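Quick caveat: nothing in here was measured; it's all calculated off a predicted structure. Below, all heavy atoms of this structure are taken into account, side chains as well, without hydrogens, waters or symmetry copies. Sequence lines set the chain letters: A, B, ... in the order given, protein chains first and strands last, and positions in each chain run from 1.
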4 protein chains.
Amino acid sequence: MEERRAGALVFHLDLSQPLYEQILQQMRQAIAKGEIRPGDKIPSVREMAQALRVNPNTVSHAYQELDRDGLTETRRGQGTFITTSPERIERFRQTLARRVTQEFIRQMQAFGFGWDDIRALLREAQDDSRET
Amino acid sequence: MEERRAGALVFHLDLSQPLYEQILQQMRQAIAKGEIRPGDKIPSVREMAQALRVNPNTVSHAYQELDRDGLTETRRGQGTFITTSPERIERFRQTLARRVTQEFIRQMQAFGFGWDDIRALLREAQDDSRET
Amino acid sequence: MEERRAGALVFHLDLSQPLYEQILQQMRQAIAKGEIRPGDKIPSVREMAQALRVNPNTVSHAYQELDRDGLTETRRGQGTFITTSPERIERFRQTLARRVTQEFIRQMQAFGFGWDDIRALLREAQDDSRET
Amino acid sequence: MEERRAGALVFHLDLSQPLYEQILQQMRQAIAKGEIRPGDKIPSVREMAQALRVNPNTVSHAYQELDRDGLTETRRGQGTFITTSPERIERFRQTLARRVTQEFIRQMQAFGFGWDDIRALLREAQDDSRET
DNA sequence: GTGGTCTAGACCACG
DNA sequence: GTGGTCTAGACCACA
């Protein structure tokens, strides 16, 4: 779980998953949380590759997925930019939240936990995090 | 999402994930929910492979993981059996529930959702499920 | 415009466009026209690469796009298969036909042609093709 | 899809295609539709670049293609002018219409649509446009 | 300078 | 054997 920086962004990469997916995921999060703003230019493929000590192709793969998500726009010869539409970002964030929540519930129920169990476990997790 | 049977067990297999993981996960669930009881013998690798129309290597891979979980015991020449200790099963179930919950919260927070958002989304999901 | 064969399939590749897009496009057409049937296995990445005298990565890129289109399903360790759902294929074909038609009309109108001109040009093209 | 003006001309630029092609295409259309008349002077590369907020190289690339089309003539030290021959413009327009039509038909047939399908889709598109 | 494509060749996960 | 990922390094199109 190595930490690497690219401008204001901080990345945590390990080898248990595809690198391009980790980059993709963490870019999505940075966009969703507003750490990078609509319209912002993100680091060039080569810059990012150098900062993360990763092959440019790997970064490029991640950037192309971001484009498919509609979170970025690529201008050949100019660079890659966050979409100027905050609505699109928010829509992405909401869709994703619902999907993650559904999947969480599905798993818990598959192991025989009911709504009360789920709520109890969440409360427990929240209490733990308060102490920390 | 094809349905296949092996004795009392019903499996749902699709192709979007590794087969061995799907089998593993659904075996864990069957054990956790008590659909298979402590001490029960589970089908041999070959039987299971035939029933699921799947490569024996795939079943074998899943069974090895169950052993590592401590949910099964393999007795040379006799076959594979669910652990005789219900406590061990319950401990596994609790540990897993906490791990899944932690991971869920980690993801939601990574996308900028707070505790209130999480609770709201869960309530929404519960309401949806009631209507259905 | 070189012709290359892979099993029953015939490909025409040139260098004026990305190779992976040409492969993608011609696979889509083969599927849409029913030259490959639902459920069929398509040649492995390596077979196809060899047949087309192209790098396996290039074929892989095309196959991944087909997956995204929902026209194929990939089973790791087994190969790539045409979706078993003919409806999905037909839906793809219809959507694409409408998109292509819209674009055609848009272009013609942008150059000052009206509906009558468009119909006349089509009739002319059809007559030409009859003579050939 | 941003709108930008250069004298009497209005351009719609987006980022999904090369800028020089969009400029080229829209210049061709303006000439074909007579929005710019034979013999007219068109803005200099620099003026145009400034008006469209675009790199001069980009405009230059588009102008060179127009010259190759025979739609413009560049006179050293004086600027770029629309050809004085209306016949040449009309010939260009006809050629282009045939090329676009051929390409449209080729695509439709590649996806297994016949003449009847094509006509039906066009009629459908026309009906849709009437309602709007 | 930017991103996109392609190759060659390696290694991994899965069945 | 299958597909997926990664690297290194080349070349192209675009601004």
Side-chain angles (χ1 to χ4, degrees), chain A residues 13 15-24 41-49 52-67 72-81, chain B residues 13 15-24 45 49 52-62, chain C residues 13 15-24 41-49 52-67 72-81, chain D residues 13 15-24 45 49 52-62:
Chain A
L13 302 183
L15 295 169
S16 66
Q17 285 178 46
L19 290 173
Y20 87 90
E21 278 209 355
Q22 298 179 53
I23 297 169
L24 172 59
K41 184 178 185 308
I42 64 180
S44 82
V45 168
R46 288 164 174 83
E47 275 171 15
M48 185 65 96
L52 304 186
R53 277 170 287 161
V54 140
N55 189 291
N57 285 338
T58 306
V59 175
S60 182
H61 193 164
Y63 279 19
Q64 284 177 30
E65 293 285 336
L66 283 175
D67 255 37
T72 58
E73 286 173 8
T74 281
R75 310 180 200 171
R76 202 133 156 186
Q78 296 182 238
T80 304
F81 299 79
Chain B
L13 302 183
L15 303 156
S16 64
Q17 285 180 45
L19 290 174
Y20 90 92
E21 277 206 359
Q22 298 179 54
I23 295 169
L24 171 58
V45 168
L52 304 186
R53 277 170 289 161
V54 140
N55 191 304
N57 285 340
T58 308
V59 175
S60 178
H61 193 160
Chain C
L13 302 182
L15 295 169
S16 67
Q17 284 179 47
L19 290 172
Y20 86 92
E21 278 209 356
Q22 297 180 54
I23 296 168
L24 172 60
K41 186 177 185 308
I42 64 179
S44 81
V45 169
R46 289 164 174 82
E47 276 170 14
M48 185 64 98
L52 304 186
R53 277 171 286 161
V54 140
N55 190 290
N57 285 337
T58 305
V59 175
S60 183
H61 193 163
Y63 279 18
Q64 285 177 31
E65 293 284 337
L66 283 175
D67 255 36
T72 58
E73 286 173 7
T74 282
R75 312 181 199 170
R76 203 133 154 185
Q78 297 183 239
T80 304
F81 299 79
Chain D
L13 303 182
L15 303 156
S16 65
Q17 285 179 45
L19 290 175
Y20 90 92
E21 277 206 359
Q22 298 179 53
I23 295 169
L24 170 60
V45 168
L52 304 185
R53 277 171 288 160
V54 140
N55 191 305
N57 286 340
T58 307
V59 175
S60 178
H61 194 158

Atom CG of Asn55(C) to atom P of dG9(F): distance rounded to whole Å?
-> 17 Å
Mate of dC14(E) across any strand shown (Watson-Crick or G-U wobble, both atom pairs under 3.5 Å) is dG1(F)
Is any side-chain nitrogen or oxygen of Thr74(C) closer than 4.0 Å to OP1 or OP2 of dG3(F)?
-> no
Rounded to the nearest angstrom, tell me the gap between atom CD1 in Ile23(C) and atom P in dT5(E).
-> 13 Å
Counting side-chain heavy atoms from C-beta on, which of dG3(E), dG15(E), dG3(F) comes nearest to Val45(A)?
-> dG3(E)
Under the criterion side chain to side chain contact (heavy atoms under 4.5 Å, CB included), which of Thr74(A), Ile42(A), Leu24(A), Thr72(A) is the partner of Tyr63(A)?
-> Ile42(A)
CG of Leu19(B) versus C1' of dA13(E): gap in Å, rounded?
-> 13 Å
Per nearest nucleotide of DNA chain E, the residue lying toward the 5' end, Gln17(B) or Pro56(C), is Pro56(C)
Hey, which of these two, Tyr63(C) or Gly77(A), hits DNA chain F nearer its 5' end, going by closest nucleotide?
-> Tyr63(C)
To the nearest angstrom, how far is Glu21(D) atom CD from dC14(F) atom P?
-> 6 Å
What is the distance from atom NZ of Lys41(A) to atom OG1 of Thr80(A), rounded to the nearest 0.5 Å?
-> 7.0 Å
Student check: side-chain heavy atoms of Leu19(D) and Gln78(A) closer than 4.5 Å | yes
Using the closest heavy atom to pick a nucleotide of DNA chain E for each, name whichever of Pro43(A) or Gln78(C) lands nearer the 5' end.
-> Pro43(A)
Check Ile23(C) against Ala62(C) and note the closest heavy-atom contact, atom names and distance.
-> CG2-CB, 3.9 Å
Any idea which of dA15(F), dG4(F), dG15(E) is nearest the Thr58(D) side chain?
-> dA15(F)
What is the distance, rounded to the nearest whole Å, between atom OH of Tyr20(A) and atom C1' of dT7(F)?
-> 16 Å
Figure out the CZ/C1' separation between Arg46(C) and dT7(E), and round it to whole Å.
-> 15 Å
OP1 or OP2 of dG3(F) sitting under 4.0 Å from any side-chain N/O of Ser60(C)?
-> no
Can you check the Phe81(C) CZ to dT2(F) P distance for me, whole Å?
-> 11 Å
Contact nearer the 5' end of DNA chain F, comparing Asn57(D) with Pro18(A) = Pro18(A)
Whole Å only: how far is the NE2 atom of His61(A) from the C1' atom of dG4(F)?
-> 9 Å
For Gln64(C) and dG3(F), is the shortest distance between a side-chain N/O and OP1 or OP2 below 4.0 Å?
-> no
Side-chain contact, heavy-atom cut-off 4.5 Å: Val54(C) with Gln22(C)?
-> no
Shortest side-chain distance from Val54(C), nucleotide among dT5(F), dT7(E), dT2(E) = dT7(E)
Sugar-phosphate, base or nothing in reach of Arg75(C), heavy atoms under 4.0 Å | nothing
